[in-house]
Amino acid sequence: MILLKLGGSIITNKERPLSPRTKTIDSIAKKLRKIKEPIIIVHGGGSFGHYWSVKYDMHTKPAKYNYHGVAVVKNSMVELNKMILDNFAKNRLNPYCLPPTDFMSGNKPIISKIKEIRKIAESNLVPISYGDALWYGQKKSYILSGDRIMSILAKILRPRLSIFVLNVDGLYSDFKTKSLIYDMKGNQASIHDIPMDVTGGMKRKVEEASTIANMGLKVFFVNGNKPQRIVDAIQKNKFEGTVFRG
Ligand code: IP8
């Protein structure tokens, strides 16, 4: 089984509020059609969820955030999710809409529901979940990032490969010193992620990827602008990007 996160920076234009990258979504979906293995998709918020989360000052820490903010963040994620679902259906990928409320109670995963996701993926449906604003309890809410969903699902489902699809080629990082992250050319890759990102952008991604790798699972960061690389990693064991091993 494959677990694949479509980062907000690849499926939306993070420079412009509420703007999907429709052609990129379509070219990734077309490549995913070639994959015969069960696959579960998670997507990020990009210029949809993050745009509103920043406006309403909402974060991953549970707190009494503005309820109108909760509503608009959720609505924007449904809107972005619908675009992915429509595109996947058009490309005959049988998407199965899976809001995180289907398998989360507060900030706790519902194990039986997560195990069910495997069955869904094995039945030729493609479960598609996403980062979202979630109810926490005691009048509090929080932002659950798609990256966090990746490690929650990986822990229970133990996918053969977890892939993070990015808008850059790869990265180098020193986890111990928490130094900046660089792409393959040595440029800072995380900088443009910061202003519009309430879940920590590239830093969070690397943390969740190392959590997954530390479970003894393989993690791969790949550039979604070169979607054939996703197929090559899955089908040919050819990794053009960054691989994390536990
Ligand atoms: O883009 C967070 O998901 P991420 C989504 O995976 C929201 O961090 C609602 C901001």
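Both counts, for ligands and for their atoms, begin at 1 and track the order of listing.
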Does an N or O anywhere in [X] fall below 3.5 Å from an N or O of ligand 1?
| X | result |
| --- | --- |
| H43 | no |
| G45 | yes |
| G44 | no |

(request) Tell me yes or no: between the side chains of Q235 and K34, is some donor less than 3.5 Å from an acceptor? (result)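 There is no such pair (donor and acceptor under 3.5 Å, judged by atom type) between the side chains of Q235 and K34.
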(request) State, without any angle test, whether D26 and N87 hold a side-chain donor-acceptor pair at a distance under 3.5 Å. (result)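 The answer is yes; a qualifying pair exists.
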(request) Please tell me if the side chains of F48 and E79 come closer than 4.5 Å, counting only heavy atoms from C-beta onward. (result)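 A side-chain contact under 4.5 Å exists here.
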(message) For a 4.5 angstrom cut-off between non-hydrogen side-chain atoms, does L18 reach W52?
(response)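 The answer is yes, as the side chains (C-beta and beyond) meet within the 4.5 Å cut-off.
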(message) Quick test of your reading of the model: are K74 and D132 salt-bridged, counting only N-O distances below 4.0 Å?
(response)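 A salt bridge links K74 with D132.
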Can you list the atoms of ligand 1 that are under 4.0 Å from a heavy atom of [X]?
| X | result |
| --- | --- |
| G131 | 3 (O), 5 (C) |
| V73 | 9 (C) |
| D147 | 6 (O) |

(message) Tell me whether ligand 1 is touched by K5 - counting only heavy atoms on the residue side and a distance under 4.0 Å.
(response)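 Checking ligand 1 against K5, which is what was asked, there is a heavy-atom contact under 4.0 Å.
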(request) Please round to the nearest 0.5 Å and tell me the distance separating atom NE2 of H50 and atom OG of S145. (result) 7.5 Å
(request) For ligand 1, indicate whether the residue S53 contacts it via side chain, backbone, both or neither (heavy-atom separation under 4.0 Å). (result) side chain
